[in-house]
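Here is the structure we will look at.
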There are 2 protein chains.
Amino acid sequence: MVTIKDIAKQAGVTPSTVSRVLNQSGGYSDKTRQKVLQIAAELHYQKNEAASNLVAQTSNVIGVLITNATTSFAAPIIDGIEDWAYQHGIRILLAHCGLNDAARLKACLDLMAGQKVSGILSISVQFDATNLALLKQLGLPLVSLGVKVDGYPTVAIDDEKAAYTGTKYLLNRGYRRIALAAIDPTDPQTGQARCHGYQRALQKTGLAPLIIPGDYSFQAGYQAAKQLWQAALPPEAIFAASDDAAAGIVFYAQSQGLAVPEQLAVLGFDNSYVADLVYPGLTTVEQPFAQMGQLAIEALVMKTPLPDQVAYQIKERHSVGWR
Amino acid sequence: MVTIKDIAKQAGVTPSTVSRVLNQSGGYSDKTRQKVLQIAAELHYQKNEAASNLVAQTSNVIGVLITNATTSFAAPIIDGIEDWAYQHGIRILLAHCGLNDAARLKACLDLMAGQKVSGILSISVQFDATNLALLKQLGLPLVSLGVKVDGYPTVAIDDEKAAYTGTKYLLNRGYRRIALAAIDPTDPQTGQARCHGYQRALQKTGLAPLIIPGDYSFQAGYQAAKQLWQAALPPEAIFAASDDAAAGIVFYAQSQGLAVPEQLAVLGFDNSYVADLVYPGLTTVEQPFAQMGQLAIEALVMKTPLPDQVAYQIKERHSVGWR
DNA sequence: GCGGTTTCAGCAACCGCTTTCAAAAACATT
DNA sequence: AATGTTTTTGAAAGCGGTTGCTGAAACCGC
């Protein structure tokens with residue numbers, strides 16, 4: 001284990017000087033700088049972050065909190081975060097806090113505190129009151145992605161408006177009986193906002209809203225489609241709460257020999273990975289996940305202000321046609 | 001910031017004692033233990049891992065090296081790792097090293113060394129000679145997932161055998177003209193092994209192998225299908241190198257109005273997330289990713305021996321029929 | 001109640017790096 | 001050449017735990 005002492009000895013200076021050179025904190029001559037740097041390189045010096053963090057009382061590590069990785073949108077966000085972090089010498093401590101698992105979330109928070117992370121990025125994590133209080137007490141900066149966390153900045157699209165736009169898009173294309181599927185209307189954030197946007201778009205037309213609740217999953221989409229299709233008057237288009245759900249709907253359609261979009265149009269949400277995978281490719285409301293991740297980490301680390309809302313747009317593929 | 005000193009003062013003992021109690025390293029009475037623990041809880045004591053790691057010269061953090069998260073199989077592996085880690089008080093430092101990006105891999109290794117991680121888990125990361133040497137020099141234990149890293153334990157399925165089994169499965173079902181698609185035969189590990197397995201299975205039958213190279217991606221699958229279908233004698237079945245590629249093949253089939261599996265059978269590889277998403281559901285050679293992740297981290301942390309090979313199996317859905 | 005053993009707790013050094021303060025060296029000014 | 005100013009370097013304390021060593025206290029059998 002080579003330490004700054006070793007370098008100091010070889011260079012004929014004191015550890016203080018080595019430290020100053022290595023941190024570029026000024027107060028050394030060009031000559032010593034060169035010598036120190038050279039010897040450090042020769043010796044393959046590797047700074048002990050623990051020691052450094054100890055005196056700094058912080059670290060260049062940020063904690064990333066996710067519910068779990070196997071959600072279609074987590075991966076691109078993580079990629080976005082990671083790339084930015086790499087370019088800025090920031091490290092990422094990953095922790096899964098599960099879905100609404102207060103105990104595990106607390107454990108994660110403790111972990112972050114113990115590791116003296118310099119900030120936390122939470123991806124779609126809902127904070128209960130206790131953990132929110134704990135978080136406040138820790139005094140760590142946090143940026144939340146996708147979900148509003150009281151008292152902390154959030155990066156998210158405007159779900160209400162996005163749902164409105166999506167619904168409007170279907171209307172403009174001539175669809176009339178439009179269902180909203182696989183959404184959780186009890187979810188105070190995303191779910192409700194999207195329901196509202198959907199209803200607002202329909203209101204003007206006098207059409208009746210039709211919401212099939214669900215948990216955004218493939219299964220939820222599949223079940224919703226099944227249920228809708230067995231009704232007396234099936235919808236012409238289904239606005240899915242996620243691309244996964246949209247895939248479920250398409251799957252159902254395929255299994256019934258229904259042509260998409262001719263007999264049933266499907267509009268997805270997310271523009272995730274799966275949108276390209278299913279046939280036909282999903283027309284979907286895009287959330288720029290990677291970019292959101294970058295934005296979030298940048299705001300967290302640089303303390304730059306966050307845009308109020310992230311731009312979304314409709315990514316057109318082939319699951320919606322004209323009617 | 002509450003430290004063991006604060007606890008010590010309140011409890012009327014010295015920091016040493018507090019430390020011993022907190023670490024359960026023995027040498028204290030039941031009375032002091034209770035008092036210390038109680039006060040620690042009252043004060044919301046949070047151990048400073050940096051300080052602890054400094055003296056221990058190690059940490060309960062393990063580094064997880066991935067190329068990037070947006071690969072269909074990375075997520076379940078990470079989930080598997082994370083769950084195990086959580087249960088064992090291990091933390092995860094995540095780093096992306098890109099695909100064959102030696103500079104970035106080196107940066108990751110440096111990072112791991114600096115953070116004094118207790119071990120490294122690399123997921124499908126190929127080590128070049130220089131970085132391999134660096135790794136050896138660091139002296140850190142490593143377990144590799146999916147790819148063989150010279151001198152370190154690996155958890156992976158037997159690709160040769162798996163490909164053999166998959167091909168055999170198709171043969172048994174009556175398919176004769178079987179192509180292997182979207183595979184990289186120059187990849188010394190996985191790719192080659194699978195090609196061999198495929199060829200070995202065909203050899204006995206006297207059938208001619210037909211390999212369409214590719215990079216395991218959806219696009220590669222799509223292109224391969226296209227190419228194969230435009231040939232004079234299209235195959236009856238395609239064995240895809242990944243589920244992503246299989247999805248691409250199915251996508252192509254759908255776009256051409258080819259029924260799967262009636263007109264074209266598709267066998268996937270991985271049993272990833274997407275196998276359930278496309279229609280028809282993919283029959284595929286399953287790799288138990290989450291389990292592999294757990295196995296790997298367990299081997300890394302507990303230094304338990306690794307099974308030579310992980311069990312794979314064919315997960316039947318509906319993209320392969322009978323002929 | 002006494003020597004001997006075991007248990008419990010304190011002292012102090014240390015992990016590797018950073019940073020303040022003071023001293024020394026280099027340089028500039030008259 | 002003497003003084004003042006700035007730059008460069010060193011000494012030392014400390015970040016918050018951990019741990020070997022030592023002494024004190026508690027417990028043991030006789």
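Any value given below was found using the heavy atoms of this structure, including those in side chains, with hydrogens, waters and symmetry copies removed. First the proteins, then the strands, lettered A, B, ... as listed; each starts at 1.
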*To the nearest angstrom, how far is Leu54(B) atom CG from dT18(D) atom C1'?*
10 Å
*Between the side-chain atoms of Arg20(B) and the base atoms of dG17(D), is any donor-acceptor pair under 3.5 Å?*
no
*NA contact type, Val18(B), heavy-atom cut-off 4.0 Å: base, sugar-phosphate, or nothing?*
nothing
*State the CD1-CD1 distance between Ile78(B) and Ile92(B), to the nearest 0.5 angstrom.*
8.0 Å
*Looking at every strand, decide which applies to Gly12(A) at a 4.0 Å heavy-atom threshold: base, sugar-phosphate, or nothing.*
sugar-phosphate
*Can a side chain N or O of Asn48(A) be found less than 4.0 Å away from OP1 or OP2 on dC15(C)?*
no
*asked:* On the nucleotide dG16(D), are OP1 or OP2 found under 4.0 Å from the side-chain N or O atoms that Lys116(A) carries?
replied: no
*Nearest nucleotide by nearest heavy atom, which residue falls closer to the 5' end of DNA chain D, Arg33(A) or Ser25(B)?*
Arg33(A)
*asked:* Rounded to whole Å, how long is the line connecting atom CE of Met1(A) with atom C1' of dC14(C)?
replied: 16 Å
*From the options Asp187(A), Asp270(A), Thr190(A), select the one residue that forms a side chain to side chain donor-acceptor pair (under 3.5 Å) with Tyr216(A).*
Asp187(A)
*Considering only side-chain heavy atoms of Ser16(A), which listed nucleotide, dG16(D), dT19(C), dC8(C), is closest?*
dT19(C)
*Could you tell me whether the phosphate oxygens of dC15(C), OP1 or OP2, come under 4.0 Å of any side-chain nitrogen or oxygen in Thr3(A)?*
no
*asked:* Side-chain N or O of Asn53(A) versus OP1/OP2 of dC15(D): is the shortest distance under 4.0 Å?
replied: no
*Between dC15(D), dT8(D), dG17(D), which one does the side chain of Ile4(B) approach most closely?*
dG17(D)
*Are Ser19(B) and dT18(D) close enough that a side-chain N or O sits under 4.0 Å from OP1 or OP2?*
yes
_Looking at Lys9(A), I want to see if its NZ is surrounded by more than 12 non-hydrogen atoms of other residues, nucleotides or ligands under 6.0 Å._
no
_Atom pair OG1 (Thr67(B)) and CD1 (Ile123(B)), whose distance is rounded to the nearest 0.5 Å_ = 8.5 Å
*Give the rounded distance in Å between these two atoms: CD of Gln24(A) and C1' of dT18(C).*
15 Å
*Nearest whole angstrom, please: distance from the C1' of dT18(C) to the CD1 of Ile7(A).*
14 Å
*asked:* What is the distance, to the nearest angstrom, from the NZ atom on Lys35(B) to the C1' atom on dA9(C)?
replied: 12 Å
*Whole-Å distance between dG16(D) P and Gln115(A) CD?*
16 Å
_Salt-bridge contact Asp30(B)-Arg33(B) (side-chain N to carboxylate O under 4.0 Å)_ = yes
*Separation of atom NZ in Lys31(A) from atom P in dA26(C), rounded to whole Å*: 8 Å
*Does Gln57(B) put a side-chain nitrogen or oxygen below 4.0 Å from OP1 or OP2 of dC14(C)?*
no
*Would you indicate, yes or no, if dG10(D) has its OP1 or OP2 atom less than 4.0 angstrom from a side-chain nitrogen or oxygen of Tyr28(A)?*
no
*Please determine if a side-chain N or O atom of Thr17(A) lies less than 4.0 Å away from the OP1 or OP2 oxygen of dT8(D).*
no
*Using a 4.0 Å heavy-atom cut-off across all strands, classify Ser52(B) as base, sugar-phosphate, or nothing.*
sugar-phosphate
*Phosphate oxygens OP1/OP2 of dT18(D): is one of them under 4.0 Å from a side-chain N or O of Lys47(B)?*
yes
*With a 4.0 Å cut-off, would you call Asp83(A) and Arg104(B) a salt bridge?*
yes
*In whole angstrom, give the distance that lies between atom CD of Glu49(A) and atom P of dC15(C).*
19 Å
